[in-house]
Amino acid sequence: ETALFKRMDDEIASWDQNNQAFLYSRFNSAGPLNRLVEGAPYNRSFRLGLSKPLGHALLIHGLTDSPYSMKAMAESLHVRGFEVTVLRLPGHGTLPSMMTEMSKNDWNAAVRIAARDVAARDVASRTPAGQPFYIGGHSTGGTLALQYALDALQDKSLRRPDRVLTLSPAVNIAKVAAVAGFIDALSVVPVPVLEKVRWQEIVPEYDPYKFNSFPVNAARQVNRAARALRYSLADAVESGRIARMPPVITWQSAVDSTVGAAGAAQRLEPCCGCLRFGRWRRGRGRCAVSGPERCAAPPGDVRRQPHPFIC
């Protein structure tokens, strides 16, 4: 990751440093945006460590986001005794153009590598064995967290999570996203005017922690990830493996037009015997829970501690 960001810095150094758009962009290291966020360190993967953690957690951000978007949840888990690793997904945190080359397979591979690293740290830690392992994510990150949990039911080399935490997981995608593959395919036609077809939107990058520009490939990959997850869920139900699925806690935005307010509930609730579903509404500090209330308490000492992410 350090080498990747070094390559990005070298690329930025070749740009016109006097361009007005550059001066006020996230890429100007001496600009007001970077001064405001102290260099934007949370575009990279980060870890909140503890000498004697009570558990371990792996969190994954959403599409076009950065690890910063999971910082609040990471800090909440951290103060309750968890060592937390927040992963930067491939294609994110550097240049928007990297999103034109990323794939869901890259994302899944990164999650598995990060989970193995968390497991290795658990084994090497000076704390009792059998600590809880949570995995969670927002939007696309929630999709990848659920996919990992389902994969771990079959693959014994993967550490099985004790709990899955998701925020608006991308399970049901708006139908318009399904045409992304066809639109993106036009970009490979050797006609210069069609190169812009690769992008749904190209706008100034003024947000230090989230891309504003959006390539068609991003929609294509999240659609593939969501479709793979739906297949894995159906297969787990048919085979009976779903009975071994860890408790799933999910929050869904009531105004999310991309994933759909009922998307997670429709797909997950019939499949998971242990699901808590919350819906966030503007102006409310707590989540309203609907659906089954069958989740067991978290394992170990963690169960005795109040937790804002356990509704």
Side-chain angles (χ1 to χ4, degrees), residues 1-16 19 21-22 24-29 33 40 42-45 60-70 87-114 137-144 147 170 173-229 257-259:
E1 192 170 73
T2 299
L4 179 65
F5 276 81
K6 176 63 168 59
R7 286 172 52 195
M8 180 190 71
D9 291 340
D10 292 342
E11 172 67 23
I12 292 174
S14 68
W15 296 354
D16 180 5
N19 182 281
F22 172 80
Y24 294 96
S25 76
R26 62 180 283 170
F27 304 115
N28 182 7
S29 59
L33 282 178
Y42 298 107
N43 276 317
R44 305 188 185 206
S45 302
I60 312 158
H61 64 81
L63 194 65
T64 75
D65 279 328
S66 67
Y68 174 79
S69 65
M70 303 305 297
L87 174 68
R88 180 191 65 84
L89 289 176
H92 295 76
T94 53
L95 302 175
S97 58
M98 297 298 291
M99 292 191 294
T100 64
E101 302 175 3
M102 64 189 180
S103 72
K104 77 171 184 67
N105 293 334
D106 296 334
W107 297 339
N108 285 322
V111 171
R112 290 191 174 204
I113 291 171
H138 168 238
S139 191
T140 300
T143 304
L144 299 174
Q147 184 67 61
I173 306 295
K175 291 183 179 180
V176 68
V179 304
F182 171 74
I183 296 174
D184 200 33
L186 295 177
S187 66
V188 303
V189 179
V191 179
V193 71
L194 292 180
E195 291 181 2
K196 292 184 178 180
V197 174
R198 301 181 70 182
W199 293 88
Q200 180 175 316
E201 190 174 24
I202 300 178
V203 293
E205 297 294 339
Y206 55 81
D207 191 321
Y209 284 124
K210 181 179 178 65
F211 292 140
N212 297 323
S213 301
F214 193 87
V216 174
N217 181 55
R220 178 171 61 175
Q221 297 306 323
V222 71
N223 188 55
R224 288 178 175 179
R227 189 166 60 244
L229 175 62
S257 60
T258 302
V259 177

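Values below: all heavy atoms of this structure, side chains included; hydrogens, waters and symmetry mates excluded. Note that the structure is a prediction, hence the values are computed from the model and not measured.
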Is the side chain of [X] donor-acceptor paired with the backbone N or O of [Y] at a distance under 3.5 Å, no angle test?
X	Y	value
Gln221	Lys104	yes
Glu205	Asn212	yes
Glu1	Arg44	no
Thr143	Ala170	yes

#### Entry: Residues Val216, Arg198; criterion side-chain contact (heavy atoms from CB on, under 4.5 Å); working and verdict
CA-CA 5 Å; Val216 174; Arg198 301 181 70 182; 5.8 Å; no
So, taking the atom named [atom1] in [X] and the one named [atom2] in [Y], what distance separates them when rounded to the nearest 0.5 Å?
X	Y	atom1	atom2	result
Met102	Trp107	CE	CH2	4.5 Å
Arg26	Tyr209	CZ	OH	9.5 Å
Arg88	Phe5	CZ	CZ	5.0 Å
His138	His61	NE2	NE2	11.5 Å
Ser97	Asn217	OG	CG	12.0 Å
Ile60	Leu89	CD1	CG	6.5 Å

Would you say the side chain of Lys6 lies within less than 4.5 Å of the side chain of Asp10, judging by non-hydrogen atoms?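 Side chain of Asp10 against side chain of Lys6, heavy atoms only: contact under 4.5 Å found.
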Counterpart residues, side-chain hydrogen bond (donor to acceptor under 3.5 Å, both in side chains), relative to Asp16 (two or more places apart)
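side-chain hydrogen bond (donor to acceptor under 3.5 Å, both in side chains) list for Asp16, sorted by chain: empty.
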Just to verify, which of Tyr206, Phe211, Trp15 counts as forming a ring pair (Phe, Tyr, Trp, His ring centres under 6.0 Å) with Phe27?
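Going through Tyr206, Phe211, Trp15 one by one, the ring pair (Phe, Tyr, Trp, His ring centres under 6.0 Å) with Phe27 is satisfied by Trp15 alone.
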*Begin from the C-alpha positions of Asn108 and Leu144 and carry the test side-chain contact (heavy atoms from CB on, under 4.5 Å) through to its verdict.*
CA-CA 7 Å; Asn108 285 322; Leu144 299 174; 3.2 Å; yes
Next on the checklist: Under 3.5 Å, is there a donor on one side chain and an acceptor on the other for Ser103 and Asp106?
Outcome noted: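 A pair is found: one side chain offers a donor N or O, the other an acceptor, under 3.5 Å apart.
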task = Would you please say whether a donor-acceptor pair under 3.5 Å links the side chains of Asn223 and Arg220?
result =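 Distance-only check fails for Asn223 and Arg220.
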(request) May I have the step-by-step check of side-chain contact (heavy atoms from CB on, under 4.5 Å) for Met8 and Leu4, ending in yes or no? (result) CA-CA 6 Å; Met8 180 190 71; Leu4 179 65; over 6 Å; no
[X] versus [Y], closest heavy-atom pair with distance:
X	Y	result
Asp65	Ser69	CB-OG, 3.9 Å
Gly62	Ser139	CA-CB, 4.3 Å
Asn43	Pro208	ND2-O, 3.0 Å
Thr64	His92	N-NE2, 3.0 Å
Pro96	Ser213	CB-CB, 4.4 Å
Ala114	Leu87	CB-CD1, 4.1 Å

From CA spacing to verdict: side-chain contact (heavy atoms from CB on, under 4.5 Å), Trp199, Thr100: CA-CA 9 Å; Trp199 293 88; Thr100 64; 3.6 Å; yes
